[in-house]
Asks: 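First, the structure itself, so that you have it in front of you.
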Amino acid sequence: MQRIGKLSRSLLGDGTIAATLLRTDAPAETARKRQNLTEHSASLLAEVMTVCAYFSSFLKDEKSFVSLSVRGETILSATADGKGNLVGRCEREGRVKDAVFALTRFDCGLPETGAVKLSDGEISSAFCEFFEASEQRLARAVLGERFQRGAFLCAGGIFLEALPGAKEEVFRKIAEKLPSKEELCALFEEKDPLRELFGGEILFEREIRFHCRCSRRKAALAVISLGKEDALALQRERGALEVCCPECGRNYSFSQEQIMELFKQNG
Ligand SMILES: [Zn+2]
């Protein structure tokens, strides 16, 4: 497993086709461990996080971000910003077939949202369908992951995107070189997989890290917003008051003493 996630991009076909490789094992493993996910859910979440990180690489500035959700029997979500910070959460485990794949870009201006249905249950086909509908350009993606003793050994994907002016036959010819889902992890062992596959030079690289904006301080503000009586009533009911971060699923727990202390400090 790689310790830090990475995105590398090269241009092919006279600069008209972008090939992007993403290694997301490290952020996907953090998400899997934090939420104690089954391999099935961890795989799906890794794919959602990989696609989200891909879209974040086109954001106009570092503060912009994209959110991707897959909602059906399972509920998965990921958020990535223009700096390479990535977070993912599985809110509910289950099947992915017929789920809705929705992407929102918060990128200088009003948020833009688009959605497609995951008809065949593959995140990679939903990505292509979404991309071709929203950008009116061809795209392909191969997403894959492998586990060893329940932990990620590798996770990530390769994306091909036709840029404006790309010829369809050139795109299709390059797309024939894409590996299968099963071959992807073996390819990651190469020193430079993009060069190995397509012979392209790396023009852009970025590190990707699991990072959530949540903190105990922010969770404490949520407790305060409940009001002292309600916060204590909830704590009595459950033994401890838990605030769950909607983005990464981390639980912040508050005992009766901690709740009393919060309200004492914040009057
Ligand atoms: Zn969080």
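Just so you know, ligand 1 is whichever comes first in the structure, and atom 1 is the first atom listed for that ligand.
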Asks: Looking only at heavy atoms, which two atoms of Glu145 and Ala46 are closest? And how far apart?
Replies: OE1-CB, 4.5 Å
Asks: Who passes salt bridge (charged side-chain N to carboxylate O under 4.0 Å, His left out) against Arg92, sequence neighbours left out?
Replies: none
Asks: I'd like to know if the side chain of Glu161 pairs up with that of Tyr54 as donor and acceptor (distance under 3.5 Å, no hydrogens or angles considered).
Replies: yes
Asks: State whether the number of non-hydrogen atoms from other residues, nucleotides or ligands found under 6.0 Å of Asp61 atom CG is greater than 12.
Replies: yes
Asks: Can you list, by chain and residue number, the protein N, O or S atoms under 2.8 Å from the Zn ion (ligand 1)?
Replies: Cys212 SG, Cys214 SG, Cys245 SG, Cys248 SG
Asks: Report whether Leu12 and Leu138 are members of the same hydrophobic cluster (ILVMFWY, side-chain heavy atoms less than 4.5 Å apart, transitive linking).
Replies: yes
Asks: For residues Arg9 and Ser57, is any side-chain donor paired with an opposing acceptor at under 3.5 Å?
Replies: yes
